[in-house]
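Reckoned from all heavy atoms, side chains included, excluding hydrogens, waters and symmetry mates. Lettering of chains follows the sequences in order, A, B, ..., and the numbering in each one begins at 1.
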Amino acid sequence: MTKARLFAILVIFVLPAWLRADQTWTLASSTLTYHISHPLHEADGVSHAARGEGICTKGTCNFLIAVPVKTFNSGNSNRDLHMLEVVRGGQYPLAVVRFRLPAAELQQPVIRADLEVQLAGRTAEYKQVAFHRADQGKDVRVTGTIPLKLLDFKIKPPSLLAIPIRNDVPVRVDTVWRLQS
Amino acid sequence: MQGFGGGAFYRSTKVVGKHSLALLTLGALCAVAVPGWAQAPNAASDAPPMIELTSSRDLKALWLPAPAPGGESQPQSQEQQQKPTEGQQAGKVPSLQGLGFPASEIHGSTAEQALLDKRSHMLQIHQKLGLITTIPMFAALFTGPGAKGHRGLPGSPSRRDLHAALGFTAAGMYFATAYFALRAPKVAGTRSYGLIRLHKALVWIHLPGMILTPILGTIAFRQLSRGERVHGIARYHSWVAVTTAGAYGLALLSVTFK
């Protein structure tokens with residue numbers, strides 16, 4: 001009987017507090033890769049410098065991921081500096097992604113999120129972007145592709161030999177998240 | 001048990017029956033499920049009042065800034081980007097500062113952007129002029145044999161003049177092209193990597209070549225105009241010109257193809 005009461009008290013007072021406790025996810029590692037297409041070129045720019053955090057509170061998780069645009073390396077410094085100019089990286093050094101999810105969604109193998117992306121001083125929304133989730137020990141690996149389009153940010157596609165690159169610049173996202181205790 | 005929750009609490013729970021405990025448990029769990037219930041009014045708490053959300057759109061409206069008409073993105077100042085929205089103020093949300101970015105990386109600078117713009121603008125002119133320069137350069141290469149003549153005989157004066165004109169046009173445009181590359185502002189803290197290094201290294205071949213070629217060409221032109229065979233250092237005019245054009249073409253291709 002005493003054990004039953006103890007259990008009940010635990011359920012009444014401890015479980016709700018535990019369920020409502022804040023959880024913080026931090027970005028342990030990341031690889032972000034943009035891909036540009038030109039009739040004479042295919043190039044990928046890679047950055048491992050993204051930082052991110054997700055705070056889950058009251059059943060909702062708010063995520064923020066930011067990456068300095070100057071950290072993308074496409075294997076050609078001239079192209080990277082030109083990219084920096086095109087995305088107005090001097091004035092707006094960070095590309096920022098925000099999204100909000102129900103906490104339960106984080107447990108799904110496929111996470112669909114409405115992303116708010118800030119780039120070049122402008123904001124665009126990408127709805128229902130699918131990310132795949134996989135457990136890696138204590139960490140969670142989340143991968144997906146953001147279907148970025150230059151004109152969504154009023155970026156005129158840069159050209160080489162008078163031929164512009166494609167408007168579609170998909171960004172592959174490969175991230176590992178760690179739950180902070 | 002006394003130490004667990006205090007005697008008063010124990011006594012109060014003692015009078016509550018098993019079913020009442022179950023109901024209390026159910027109530028507490030409901031309070032978790034419905035945040036509005038769980039939000040006890042507390043003047044000391046700095047948490048804002050709960051807002052009832054009826055759909056995911058409502059939730060989004062709190063979180064995201066209102067989209068621009070027609071779905072077009074609007075320019076935002078860095079301050080606007082950092083300013084928390086109503087939804088962000090309502091709950092715990094991560095911030096750029098919280099991610100540990102230094103202020104310089106969050107706010108940027110218009111001066112730095114102006115430098116990038118100027119650099120990019122000058123290099124685009126460099127690119128266009130460089131492409132246009134290939135026309136008189138390769139035309140000069142093709143008219144070269146006609147200017148020199150064959151088997152020791154001088155070529156026609158008109159072909160010589162045409163070749164010289166094309167050569168000097170190419171040289172003039174080349175130096176204009178080089179000017180925009182050399183005068184483009186450098187971005188501090190950057191280093192060259194990739195094929196652009198080959199593009200820059202080839203300067204050490206085609207720049208001296210573009211200085212030497214017109215000089216040797218002028219000497220050869222005068223020798224031919226005097227009815228002499230091309231001799232002395234002027235004999236290397238065509239070799240220097242071909243090497244220069246080759247290095248120039250390679251420099252062009254190095255930034256054109258991956």
Query raised in the report: If you measure from CD1 on B:I106 to OH on A:Y92, what distance do you get to the nearest 0.5 Å?
Result: 15.0 Å
Report task. Taking atom NZ of B:K186 as the centre, report whether more than 12 heavy atoms of other residues, nucleotides or ligands fall under 6.0 Å from it. Result -> yes
Requested in this report: Please name the pair of heavy atoms, one in A:R51 and one in B:G100, separated by the smallest distance, quoted to 0.1 Å.
Outcome: NH1-O, 2.7 Å
Query raised in the report: Can you name the one residue among A:N62, A:T24, A:T26 that meets side chain to side chain contact (heavy atoms under 4.5 Å, CB included) with B:P94?
Result: A:N62
Query raised in the report: Which distance, rounded to the nearest 0.5 Å, do you find between the CD of B:Q113 and the CD of A:E85?
Result: 6.5 Å
Report summary line: On a heavy-atom basis, the closest approach of B:Y193 and A:F72 is OH-O, 4.5 Å
Query - A:R133 CZ: over 12 foreign heavy atoms closer than 6.0 Å - result: yes
Query raised in the report: Can you say whether B:I196 sits under 4.5 Å from chain A via the side chain, the backbone, both, or neither, judging by heavy atoms?
Result: both
Query - Nearest atoms (heavy-atom pairs only) where A:N76 meets B:L195 - result: ND2-N, 4.4 Å
Requested in this report: Flag the one option from A:D80, A:L27, A:V86, A:I65 with the top tally of heavy-atom pairs under 4.5 Å to chain B.
Outcome: A:D80
Query raised in the report: When B:L99 is tested against each of A:L94, A:V96, A:L64 for side chain to side chain contact (heavy atoms under 4.5 Å, CB included), which residue passes?
Result: A:L64
Query raised in the report: Given side chains that start at C-beta, do those of B:R119 and A:L81 come closer than 4.5 Å, heavy atoms only?
Result: yes
**Report entry** Within-4.5 Å side-chain heavy-atom neighbours: A:L160 and B:Q127
**Finding:** yes
Query raised in the report: Heavy-atom distance under 4.5 Å between the side chains of B:Q124 and A:H82, does that happen here?
Result: yes
Report summary line: When every non-hydrogen atom of A:S77 is compared with those of B:S192, the smallest separation belongs to OG-CA, 3.3 Å
**Report entry** Nearest atoms (heavy-atom pairs only) where A:P93 meets B:S104
**Finding:** CG-O, 3.9 Å
Query - A:N78 side chain reached by B:L123 side chain, heavy atoms, under 4.5 Å - result: yes
